[in-house]
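First the structure, in the form of structure tokens, and then the observations on it.
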Amino acid sequence: MTVNPINMSDETWRQLLALREGSAPPPEPEGALYGPIAAASGRFVLAQVGQSLDGRVATPSGDARDISGPEGLAHLHRCRALVDAVIVGENTVSCDDPRLSVRLVEGPDPVRVVIDCHARLSGSEGLFHDGGARVIVFQSAEARRNDLPNAEIIRLRPEGNGLSPQEMLTALSGLGLRRVLVEGGARTIARFIEAGLVDRLHVAVSPLIIGSGPSGISLSPVERLSSALRPEAQIYSLGSDILFDCPLKPVVRPAGQ
């Protein structure tokens with residue numbers, strides 16, 4: 001097993017930001033980890049989880065702060081800076097009140113997208129009032145309309161268990177938002193994975209044991225391990241955290257490659 005150390009210099013990071021505009025990628029390992037995100041020309045979906053050694057993302061009471069170490073948080077903010085939009089569920093906004101900014105690194109803040117299927121948000125949450133990046137909220141067309149301050153509302157017809165991840169991505173693509181980071185919570189990430197829409201999964205593991213609490217990904221149960229997902233993974237040392245970079249979709253290569 002090879003663990004690739006990430007030592008991000010200012011120059012390498014500037015190269016990665018420029019890669020979005022078609023510049024040459026920086027050398028590995030930084031180019032191998034972040035290049036596929038920055039260089040994606042069509043739709044690209046990254047899911048990111050920061051968790052403890054025992055797979056927890058919060059305590060049972062909901063305390064989720066400081067699970068990731070400083071380098072793990074910087075990695076998350078780099079991912080945000082390289083995408084067009086970041087998606088979270090309503091519960092993440094209600095419980096964590098995230099800003100979803102890139103304040104720890106240089107780069108543009110992504111458009112913030114919230115899945116609020118049942119229109120439960122009150123409008124008092126911080127991201128509606130912080131003067132930050134654009135906010136888009138997906139609501140079910142069957143829920144009462146809830147106009148939220150400083151947010152664009154997109155209403156979609158629900159399917160069996162909520163809003164369709166495919167339809168949400170299609171709506172975002174129509175707005176020019178094609179590189180997407182699905183950041184939480186566990187069920188939101190799982191729905192995009194189970195729909196076969198996630199190109200890469202990043203799991204950052206911090207040397208912390210919580211013992212109980214919610215897990216980072218909540219997929220539908222399988223009876224046998226032979227049915228479990230077993231993606232190939234490249235492993236990177238971020239310093240405070242270990243990152244598993246897992247491709248989840250086959251790479252389609254042009255003929256002759």
Side-chain angles (χ1 to χ4, degrees), residues 45-50 57-68 73 76-77 79-81 83-105 107-192 195 197 213-214 216-218:
V45 179
L46 168 70
Q48 153 77 24
V49 178
V57 294
T59 65
S61 66
D63 182 7
R65 295 192 179 276
D66 302 323
I67 286 183
S68 295
L73 287 173
L76 173 59
H77 285 218
C79 291
R80 290 177 183 171
V83 299
D84 303 314
V86 55
I87 296 178
V88 294
E90 166 265 326
N91 192 58
T92 296
V93 173
S94 297
C95 294
D96 299 342
D97 199 21
R99 292 166 60 183
L100 304 176
S101 71
V102 299
R103 60 193 179 277
L104 297 182
V105 300
D109 286 325
V111 173
R112 299 173 290 180
V113 179
V114 183
I115 304 172
D116 185 18
C117 182
H118 302 292
R120 290 173 175 155
L121 293 174
S122 69
S124 63
E125 295 82 7
L127 82 171
F128 298 119
H129 304 281
D130 61 9
R134 176 183 181 187
V135 179
I136 296 171
V137 178
F138 284 110
Q139 295 176 356
S140 166
E142 295 181 357
R144 64 176 178 83
R145 185 176 179 92
N146 183 16
D147 289 317
L148 298 163
N150 305 307
E152 303 165 48
I153 307 298
I154 298 178
R155 291 171 66 80
L156 299 173
R157 283 283 167 197
E159 52 181 21
N161 58 347
L163 300 182
S164 162
Q166 177 66 69
E167 289 192 16
M168 286 187 279
L169 292 179
T170 298
L172 293 176
S173 292
L175 298 173
L177 307 173
R178 296 179 178 85
R179 282 182 293 237
V180 175
L181 168 62
V182 182
E183 192 173 314
R187 191 63 201 133
T188 298
I189 291 173
R191 291 196 65 214
F192 279 83
L197 298 172
I217 304 173
S218 183

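Sequential numbering from 1 along the given sequence is applied to the chain's residues.
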Determine whether a donor-acceptor pair (N or O, by modelled atom type, separation under 3.5 Å) exists between the side chain of [X] and the backbone of [Y].
X: D116; Y: V137; answer: no
X: S218; Y: R187; answer: no
X: N146; Y: L121; answer: yes

Check [X] against [Y] and note the closest heavy-atom contact, atom names and distance.
X: R65; Y: D96; answer: NH2-O, 3.9 Å
X: F128; Y: A151; answer: CE2-CB, 3.8 Å
X: S140; Y: L163; answer: CA-CD2, 3.8 Å
X: A58; Y: A64; answer: CB-CB, 3.9 Å
X: G50; Y: I67; answer: O-CG2, 4.1 Å
X: A143; Y: C117; answer: CB-O, 3.7 Å

Please tell me if the side chains of [X] and [Y] come closer than 4.5 Å, counting only heavy atoms from C-beta onward.
X: R120; Y: S94; value: no
X: L169; Y: F192; value: yes
X: V180; Y: D84; value: no
X: L177; Y: I136; value: yes
X: V111; Y: E152; value: no
X: P110; Y: V102; value: yes
X: Q48; Y: R80; value: no
X: L148; Y: V135; value: no

What's the separation between atom [atom1] in [X] and atom [atom2] in [Y], rounded to the nearest 0.5 Å?
X: L46; Y: E183; atom1: CG; atom2: CD; answer: 9.5 Å
X: L127; Y: R99; atom1: CG; atom2: CZ; answer: 11.5 Å
X: S173; Y: M168; atom1: OG; atom2: CE; answer: 12.5 Å
X: I115; Y: N91; atom1: CD1; atom2: CG; answer: 12.0 Å
X: L156; Y: Q139; atom1: CG; atom2: CD; answer: 10.0 Å

Sequence neighbours left out, what passes side-chain hydrogen bond (donor to acceptor under 3.5 Å, both in side chains) with S164? Give chain and number order.
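side-chain hydrogen bond (donor to acceptor under 3.5 Å, both in side chains) list for S164, sorted by chain: empty.
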
Would R112 and V93 satisfy side-chain contact (heavy atoms from CB on, under 4.5 Å), going step by step from the backbone distance to the final call?
CA-CA 11 Å; R112 299 173 290 180; V93 173; over 6 Å; no

Establish, from distance only, whether the side-chain atoms of N161 and R191 form a donor-acceptor pair under 3.5 Å.
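There is such a pair between these side chains.
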
Would you check, one step at a time, whether the test side-chain contact (heavy atoms from CB on, under 4.5 Å) holds for S68 with L76?
CA-CA 9 Å; S68 295; L76 173 59; over 6 Å; no

Is any NZ, NE, NH1 or NH2 atom of the basic residue among E167 and R157 found under 4.0 Å from an Asp or Glu carboxylate oxygen of the other?
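No, no charged N to carboxylate O under 4.0 Å.
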
For atom CZ of R145, is the number of surrounding heavy atoms from other residues, nucleotides or ligands below 6.0 Å larger than 12?
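For R145, atom CZ is crowded (more than 12 foreign heavy atoms under 6.0 Å).
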
With sequence neighbours left out, write down each residue that passes salt bridge (Lys or Arg N to Asp or Glu O under 4.0 Å) with R155, or none if nothing qualifies.
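Once residues adjacent in sequence are excluded, R155 has no partner under the salt bridge (Lys or Arg N to Asp or Glu O under 4.0 Å) criterion.
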
